Amino acid sequence: MQNSAFSQFQPIAFVGVTKQAISLLTPLQQVSKGTLFCPSQLQSQLPDNGDRVVTYEQSLSKQIESSWQEYHALVFCLATGAVTRIIAPLLQNKADDPAIVVIDPQGKHVISLCGGHQQGADLLTKLIAEQLEATPVVTGAASTLDLPAIDTIGKPFGWRKGLGNWTQTMSAIANSQAVEIVQDAGSNLWLDGLPENHNLMITQLKHNRVTDNQDQQKNSQTNQAASPQARIWISATSRRFAPNTLPKVQWHPQVLWVGIGCERDTSPELIRDSFHKVLQANHLAPEAIASICSIDLKADEIGILQLCREQDLPLTTFSAKQLKKIEVPNPSEIVKQEVKTPSVAEASAILGASSVKDPQGKPNHQLLVTKQIFKQEKQGAVTIAIAQAETEYLGKSGKLYLIGTGPGSLEQITPAAKTAITEADVVIGYRLYVELIKPLLRSDQIVEALPITQERQRGERAIALANWGLTVAVISSGDCGIYGMAGLVMEQLKVNKWDGQTPSVQVFPGISAFQSAASRVGAPLMHDFCAISLSDLLTPWEVIRKRIKAAAKGDFVTSFYNPKSLKRTEQIVEAQRIFLKHRSEDTPVAIVRSVYRQDEEVTITTLGKMLETKIDMLTTVIIGNSNTCEHSNWMITPRGYLK
């Protein structure tokens, strides 16, 4: 299966010139569904089932030159100096050149060489490093200062860049100068990625999920009184900046929905000119537009379709039945007679703006520009209105990664799970589990760590953000599908009438608690076994007791999860009593607490004495079957091979 973390870098190519390099790159090429460049003389080294392979006989420099514009990212397993000499003549500008990543021949280091921010080479470097269990080398100023890269901060939210001096603004941030960010549109979730001490002065001109007090707390203590040396606008407004002044740049969240109505066969020129006149008159940025909207009768209107192509915008249409339900300030009886709704431009703009799936579930919008009418003899007539949504349109389908992080040690997390955590826009989990994976997190990620009793809230929040269009990692300790968040999230999706595709869901398995505990004491799970949670928070105790009796009577090796809490102390005592009716008091029992963590405790005792050992919610208890034995402080359940 393709690791979807690499999908954002497609098309991607891997380049090797030695047998060792091809061996190192082949698994990466296969997991990413990328292309492998291989010299023809090494073709015999390729796997028999290898596909998406390009063999070449010309020089590597010529091969890269001919492929330069075809790929979003190029990953070399080659000396950095050699790569630099190959790509130097091809570099044009960082907005168009591919991301360049270099892996050393031993696979110990992965280097972000070019396109770190705009083309995502820094992130790609970290993802590849997780796959190889190598060290990522990222040298950009934002990474050094533990700040989100300002020239990519809006990418997860679909923001578009506007005019401004990006080079000088980035330089101010790199030099730890005070930089002001003024936001009056779009989500402010990006604030969650800021460290406590930063060089940003944040001004929120709108109220969206963050209170005034929280905004104040997000401002750097050292820079509150300083004069800004650069300014960043996050806005739907198009601003012109005078030369030789404070460097300024603009991000434009896609919050504008442009409603258009017109007579049949209105000229494309009139529609285009009217569109730009409305934007200019209201100082609105074309980059802030999410979609053109109209009635479904106009789905084939040549002038509207041509405008969508020119502006690279989707066309969203609504039926007359939908449109006539919308209250508008300027209804028209003439329009109603023609298309069975009193409004097209205003109503479709409002409907479009209200269609965004706000993560808070509270759609909010306003009609920013009321209907403007433009007529021209022999060219037709067009009406244009613009609504602004509170929440931006992301223009992409969201993803849910349901991830098991294993027992708590980073070494026990699968490379695929590490990659998914690093790639995600948002990471959601119980506070303790988030703390355990902190080294895998990026500085610009949204991290929401919630208390242990808020599982439903975690699931609902993750689904809401994924429905909006973000990639969300929901983490659980152990395996996420064994008493973890995977089952809850899937249930919640079902309740929400999920279609099974959007948002997409990928489950990443982890090493479960009973597997981890078993590995610390030998091989207690070699024969039939079961796992039972003793927590009666979600399951009635009578049901749990019935299952304990069945496991004891059936001679299953049994693992107990959640065996004892501060308030719930009697269940483990009763479980012991039930097992003693069916097994010898000398039956080996493993009690493993905080497995694979710094405060790990491992005890092998017996069924009769098990309650003498400390047991709590961080403990897994494994009771052997009638054949389980203890040998030299190891626990063994025979499979039957030596009979």
Side-chain angles (χ1 to χ4, degrees), residues 404-409 428-437 449-459 474-489 491 510-518 520-521 524 529-552 556-580 589-623:
T405 60
S409 170
I428 295 177
Y430 168 45
R431 288 170 182 163
L432 172 61
Y433 304 155
V434 170
E435 190 65 28
L436 290 171
I437 63 161
L450 300 175
I452 193 169
T453 57
Q454 295 187 10
E455 288 83 4
R456 290 184 64 176
Q457 292 92 325
R458 275 182 254 156
V474 182
I475 61 169
S476 303
S477 67
D479 184 281
C480 62
I482 301 177
Y483 304 123
M485 287 294 296
L488 171 59
V489 172
E491 280 188 276
I511 301 173
S512 64
F514 70 81
Q515 289 174 298
S516 302
R520 285 311 207 198
V521 298
F529 61 88
C530 66
I532 300 174
S533 171
L534 297 190
S535 171
D536 58 359
L537 186 63
L538 301 174
T539 305
W541 176 244
E542 283 304 315
V543 174
I544 298 172
R545 181 190 287 116
K546 180 180 178 181
R547 291 170 181 171
I548 295 171
K549 289 179 179 179
F556 284 90
V557 177
T558 303
S559 300
F560 287 134
Y561 280 66
N562 309 312
K564 184 179 180 181
S565 69
L566 292 175
K567 296 181 179 179
R568 180 177 44 79
T569 60
E570 292 303 312
Q571 282 85 343
I572 188 65
V573 176
E574 185 169 352
Q576 181 202 37
R577 283 200 298 266
I578 293 171
F579 267 81
L580 283 171
V589 173
I591 299 176
V592 185
R593 183 179 184 277
S594 297
V595 64
Y596 284 100
R597 300 176 190 174
Q598 289 185 349
D599 55 345
E600 177 185 85
E601 298 175 14
V602 179
T603 303
I604 294 181
T605 182
T606 64
L607 183 59
K609 297 180 179 179
M610 59 179 280
L611 298 182
E612 298 174 9
T613 302
K614 179 181 179 181
I615 297 174
D616 59 16
M617 289 292 286
L618 298 177
T619 303
T620 302
V621 177
I622 302 177
I623 299 177

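Remember, predicted model here, so these are calculated numbers, not experimental data. Throughout, numbering of the chain's residues begins at 1 and tracks the sequence.
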**Prompt:** Which distance, rounded to the nearest 0.5 Å, do you find between the CD1 of Ile622 and the CD of Gln515?
**Reply:** 10.0 Å
**Prompt:** What do the steps show when you test Met485 against Tyr430 for side-chain contact (heavy atoms from CB on, under 4.5 Å), and what is the final call?
**Reply:** CA-CA 10 Å; Met485 287 294 296; Tyr430 168 45; over 6 Å; no
**Asked** Is the closest side-chain heavy-atom distance between Arg593 and Asp599 below 4.5 Å?
**Response** yes
**Message:** Quick check: closest heavy atoms across Cys530 and Ala551, and the distance to 0.1 Å?
**Reply:** SG-CB, 3.6 Å
**Item:** Chi angles and distances behind the salt bridge (Lys or Arg N to Asp or Glu O under 4.0 Å) call for Arg545, Glu574
**Value:** CA-CA 8 Å; Arg545 181 190 287 116; Glu574 185 169 352; 2.4 Å; yes
**Prompt:** Which residue, Leu534, Val543, Thr558, forms the side-chain contact (heavy atoms from CB on, under 4.5 Å) with Ile548?
**Reply:** Leu534
**Asked** Is there a donor-acceptor pair under 3.5 Å between the side chain of Glu435 and the backbone N or O of Arg431?
**Response** no
**Request:** Could you tell me the separation between the CG atom of Leu432 and the CD1 atom of Ile437, rounded to the nearest 0.5 Å?
**Result:** 11.0 Å
**Message:** Apply side-chain contact (heavy atoms from CB on, under 4.5 Å) to residues Thr539 and Arg547 and explain how you reach the verdict.
**Reply:** CA-CA 11 Å; Thr539 305; Arg547 291 170 181 171; 4.1 Å; yes
**Prompt:** More than 12 foreign heavy atoms under 6.0 Å from CZ of Arg597: is that the case here?
**Reply:** yes
**Item:** Pairwise side-chain contact, Ile615 with Val621, heavy-atom cut-off 4.5 Å (strictly under)
**Value:** yes
**Prompt:** Do Thr405 and Leu436 have side chains that get closer than 4.5 Å, going by heavy atoms?
**Reply:** no
**Message:** Could you measure the distance from the CG atom of Asp479 to the OG atom of Ser516? Nearest 0.5 Å is fine.
**Reply:** 10.0 Å
**Message:** On a heavy-atom basis, which atom in Gly429 and which in Ile475 lie closest, and how many Å separate them?
**Reply:** CA-CG1, 3.8 Å
**Message:** For a quick test of reading the model, state the closest non-hydrogen atom pair linking Phe514 to Tyr561 and the distance between them.
**Reply:** CD2-OH, 3.1 Å
**Message:** I need the minimum non-hydrogen distance between Ile544 and Ser535, along with the two atoms involved.
**Reply:** CD1-O, 3.3 Å
**Item:** Main-chain N/O of Ser533 paired with Tyr483 side-chain donor or acceptor, under 3.5 Å
**Value:** yes
**Prompt:** Do Pro407 and Ile511 come within less than 4.5 Å of each other through their side chains, counting heavy atoms only?
**Reply:** yes
**Prompt:** Any side-chain heavy-atom pair from Gln571 and Pro563 closer than 4.5 angstrom?
**Reply:** no
**Prompt:** Looking at side-chain heavy atoms only, is the closest gap between Val595 and Arg520 below 4.5 Å?
**Reply:** yes
**Asked** So, do Met617 and Ser565 sit near enough that their side-chain heavy atoms are less than 4.5 Å apart?
**Response** yes
**Prompt:** So which heavy atom on Thr619 is nearest to which on Ile591, and how close?
**Reply:** CG2-CG2, 3.5 Å
**Asked** In terms of ring plane angle, is the pair Phe579 and Phe560 parallel, tilted or perpendicular, where the classes change at 30° and 60°?
**Response** perpendicular
**Request:** Take Asp616 and Lys564, measure what side-chain contact (heavy atoms from CB on, under 4.5 Å) needs, and give me the verdict at the end.
**Result:** CA-CA 5 Å; Asp616 59 16; Lys564 184 179 180 181; 5.6 Å; no
**Message:** Within the 4.5 Å heavy-atom criterion, are Arg568 and Asp536 side-chain neighbours or not?
**Reply:** yes
**Message:** Pair Val474, Arg458 - check side-chain contact (heavy atoms from CB on, under 4.5 Å), show working.
**Reply:** CA-CA 8 Å; Val474 182; Arg458 275 182 254 156; 5.5 Å; no
